[in-house]
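Below, read A as the first sequence line, B as the second, and so on, with proteins coming before strands; counting in each chain starts at 1. This structure is a prediction, so every number in the text was calculated from the model and none was measured. All values below come from the heavy atoms of this structure, side chains included, with hydrogens, waters and symmetry mates left out.
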There are 2 protein chains.
Amino acid sequence: MKTLRVPEATVTRLSIYSRFLERLDRNGVTSVSSGEIAEGVGVSPAQVRKDLAYFGEFGTRGVGYNVKDLMHYTMKILNLTQPWPMALAGAGNLGTALCTYRNFRERGFAIVGVFDNDLTKIGKRIEDLTVQPLEEMPQVIKQRGIRIGIIAVPTRAAQEVADLMVRNHLKAILNFAPIALNVPEDVMIRNVDLSVSLEVLTFNLKYRGTYESEE
Amino acid sequence: MKTLRVPEATVTRLSIYSRFLERLDRNGVTSVSSGEIAEGVGVSPAQVRKDLAYFGEFGTRGVGYNVKDLMHYTMKILNLTQPWPMALAGAGNLGTALCTYRNFRERGFAIVGVFDNDLTKIGKRIEDLTVQPLEEMPQVIKQRGIRIGIIAVPTRAAQEVADLMVRNHLKAILNFAPIALNVPEDVMIRNVDLSVSLEVLTFNLKYRGTYESEE
DNA sequence: CGCCTAAAGTTATATATTTCACATATTTTA
DNA sequence: TAAAATATGTGAAATATATAACTTTAGGCG
Ligand SMILES: NC(=O)c1ccc[n+]([C@@H]2O[C@H](COP(=O)([O-])OP(=O)(O)OC[C@H]3O[C@@H](n4cnc5c(N)ncnc54)[C@H](O)[C@@H]3O)[C@@H](O)[C@H]2O)c1
Ligand SMILES: NC(=O)c1ccc[n+]([C@@H]2O[C@H](COP(=O)([O-])OP(=O)(O)OC[C@H]3O[C@@H](n4cnc5c(N)ncnc54)[C@H](O)[C@@H]3O)[C@@H](O)[C@H]2O)c1
């Protein structure tokens, strides 16, 4: 058994390939080449092959890849053969949008508990979910076997919510609050930070990725 | 005048440093070291200094950085000395949330036009904005001097909306639809892809960033 | 006033990632 | 059945990025 480190960039691209393959499959395409995948997702063919090579040999030389097979392999690698129930903290504007987000379900993700601490929000229905008091999160996490948390509370409340999630053994958190959360080593955080994304754009609108010092 | 290529990761971190400095400044902190910045945003002190070194010398050896000054420098570098009006396509669940997002304004961003093609959405008010027909986007872009577009329409409509934005000379697009958009070289795209973020988490929940081949 | 400490700036080193080129395997075709 | 065409898998080279080690400078203090 060989263990090797996989670049995070490779994992993100694998997720993108996987979804692209799903689309091909839905469209009835049965076979695909690294070049076509590359074209479809905007990377180089060599990159596609290199990425896949971390995990095994999935293609046939001279032919390409079987779409359905490769799709299943990628989903297996990404750990998507099981459903992923998730807990959402914050039933505000963003939280509500997330509850209605259909694409989650297509990949096996589902928000199964929404929690808030505002009495006017608690009890509110969002599609088939009912907003619950934050205090009930621990119990729901346990009952539903939740391992992933989503933070959509205001910045000032984000750390305390993260602490609560950590105390209740969540090991993966998707954070929308624009702040660096402090969590133990074994807890993974992914930040979705729109200001950062926009500021990379404004930077590049000026400099195009280079910087001209003023002398 | 020296032109040098700046890693995208550096720009991303610069944005994070910048916001952290803003917070320090609000809290009345006047001086800060690379170590404190590093601590606050979760990177190494050497990384902070290296990143800043791309753009100049902003600190005082033995002392640290003046918070207000460094904050202004970072904002200048990130091109945040001007307001950034933005056009949003898609007044659905996500689009509505984005319209209410306060943090945009703190950094100079503002959605000044929301566009949809659903007659039941057009005319709807979202805070101080009114949803307009997509056809009016070109005119608003021109009038308001918009350079950044946001795509929050369903996946199937994303490419045509992107095309429209490109035709109207937007050079930067923040895209929430989970698809690779096809745009000319001189147009920048940033994708916000939640499934990808979640799948990096599920991958790591299984392998912790390594992969064990099955033999 | 010179020594000591702290922390920035910088150079060198190490690591990670991507690109390139090619050897290899498969299918098609003459 | 040999040759041609095609597309994978991979090792080496090129790039890019991060870490670590070192040098320089400012300010405090005896
Ligand atoms: N609105 C957006 O489009 C958007 C986009 C990106 C990021 N964000 C970020 O997402 C977060 C939420 O944004 P929003 O616009 O939905 O804000 P919001 O004010 O509409 O919603 C926040 C919700 O969190 C709840 N809350 C507050 N403290 C809580 C606590 N301690 N425990 C549980 N719930 C608590 C509030 O009652 C409210 O319902 C913010 O951090 C924001 O910066 C928002
Ligand atoms: N809801 C979320 O939390 C969320 C999160 C991440 C990404 N996304 C993505 O953002 C996009 C929007 O998601 P949503 O949940 O808001 O969907 P939604 O269906 O609620 O809203 C989409 C809106 O786009 C409008 N629209 C459709 N075609 C259009 C066109 N050609 N021109 C202009 N407007 C058009 C619709 O009328 C609708 O108002 C989707 O691509 C989705 O995958 C959503």
Side-chain angles (χ1 to χ4, degrees), chain A residues 2-17 21 24 29-67 69-70 73-74 77 200 204 208-211 213 215, chain B residues 2-14 16-17 21 24 29-67 69-71 73-74 77 200 204 208-211 213 215:
Chain A
K2 245 182 174 172
T3 299
L4 71 165
R5 179 137 223 102
V6 180
E8 177 153 313
T10 290
V11 180
T12 64
R13 284 189 298 264
L14 196 72
S15 168
I16 293 169
Y17 304 156
L21 291 162
L24 290 182
V29 180
T30 58
S31 178
V32 70
S33 69
S34 60
E36 289 163 338
I37 296 174
E39 171 80 30
V41 306
V43 302
S44 74
Q47 183 81 83
V48 172
R49 295 199 299 275
K50 237 312 150 54
D51 285 337
L52 294 175
Y54 279 100
F55 306 103
E57 303 187 9
F58 307 107
T60 309
R61 297 179 187 206
V63 180
Y65 305 90
N66 178 287
V67 170
D69 289 351
L70 187 56
Y73 283 128
T74 55
I77 293 163
V200 173
N204 285 307
R208 289 276 194 99
T210 64
Y211 185 77
S213 71
E215 62 194 285
Chain B
K2 245 182 173 171
T3 300
L4 72 165
R5 178 138 222 102
V6 180
E8 177 152 311
T10 291
V11 180
T12 304
R13 285 189 297 264
L14 196 72
I16 293 170
Y17 304 155
L21 290 163
L24 290 182
V29 180
T30 58
S31 179
V32 70
S33 69
S34 61
E36 290 162 338
I37 296 173
E39 170 81 28
V41 306
V43 302
S44 73
Q47 183 81 82
V48 173
R49 295 198 299 275
K50 199 70 192 288
D51 285 336
L52 293 175
Y54 279 100
F55 307 102
E57 302 187 10
F58 307 107
T60 309
R61 297 178 186 206
V63 179
Y65 303 90
N66 177 288
V67 170
D69 288 352
L70 187 57
M71 180 184 81
Y73 283 128
T74 55
I77 293 163
V200 173
N204 286 306
R208 288 276 194 96
T210 63
Y211 184 76
S213 72
E215 60 193 289

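The ring pair (Phe, Tyr, Trp, His ring centres under 6.0 Å) test with A:Tyr73 singles out one residue from A:Tyr17, A:Phe58, A:Tyr54, A:Tyr65, and that residue is A:Phe58.
If you find the closest nucleotide of DNA chain D to A:Gly62 and to A:Gly59, the one lying nearer the 5' end belongs to A:Gly62. Closest-nucleotide positions on DNA chain C for A:Val63 and A:Asp51 were compared, and the one nearer the 5' end corresponds to A:Asp51.
Evaluation of atom-type donor-acceptor distances gives no pair under 3.5 Å for the side chain of B:Lys50 against the base of D:dT17. A:Arg61 contributes no side-chain N or O that forms a donor-acceptor pair with the base of D:dG9 under 3.5 Å.
Rounded to an integer number of Å, the gap from B:Tyr65 OH to C:dA7 C1' is 8 Å. One interatomic measurement links the two molecules: CG of A:Leu52 to P of D:dT10, which rounds to 11 Å at whole-angstrom precision. In this structure, CZ of B:Arg49 is placed 14 Å from P of C:dT11, rounded to the nearest angstrom. Rounded to a whole Å, the CD atom of A:Glu8 is 11 Å from the P atom of C:dT18. In this structure, B:Glu57 atom CD and D:dT24 atom P are separated by 13 Å, rounded to whole Å. With rounding to whole Å, B:Asn66 atom CG is found 16 Å from D:dG27 atom C1'. Rounded to an integer number of Å, the gap from CZ of A:Phe58 to P of C:dA25 is 19 Å.
The shortest distance between the side-chain N/O atoms of B:Arg13 and the OP1/OP2 oxygens of D:dA18 is below 4.0 Å. Considering only side-chain N and O atoms, A:Gln47 lies under 4.0 angstrom from the phosphate OP1 or OP2 of C:dT19. Contact check, A:Tyr54 against C:dT18: no side-chain N or O comes under 4.0 Å of OP1 or OP2. Taking side-chain N and O atoms only, A:Ser44 has a distance below 4.0 Å to OP1 or OP2 of C:dT19.
Counting non-hydrogen atoms under 4.0 angstrom, A:Ser34 reaches the backbone sugars and phosphates but no base.
Put simply, the side chain of A:Arg13 does not reach to within 4.5 Å of the side chain of A:Val41, judged on heavy atoms. The closest side-chain heavy-atom distance from B:Asn204 to A:Val11 is not below 4.5 Å.
Listed candidates were D:dT19, C:dA7, D:dG9. Nearest to the side chain of B:Ser33 is C:dA7. Across D:dT17, C:dA8, C:dC20, the shortest atom-to-atom separation from the side chain of B:Pro7 is found for D:dT17.
Rounding to the nearest 0.5 angstrom, the gap separating the OG1 atom in B:Thr74 from the CG atom in B:Leu14 is 6.0 Å.
Nearest heavy-atom pair, A:Val63 versus A:Ser31, reported as atom, atom and distance to 0.1 Å: O-OG, 4.4 Å.
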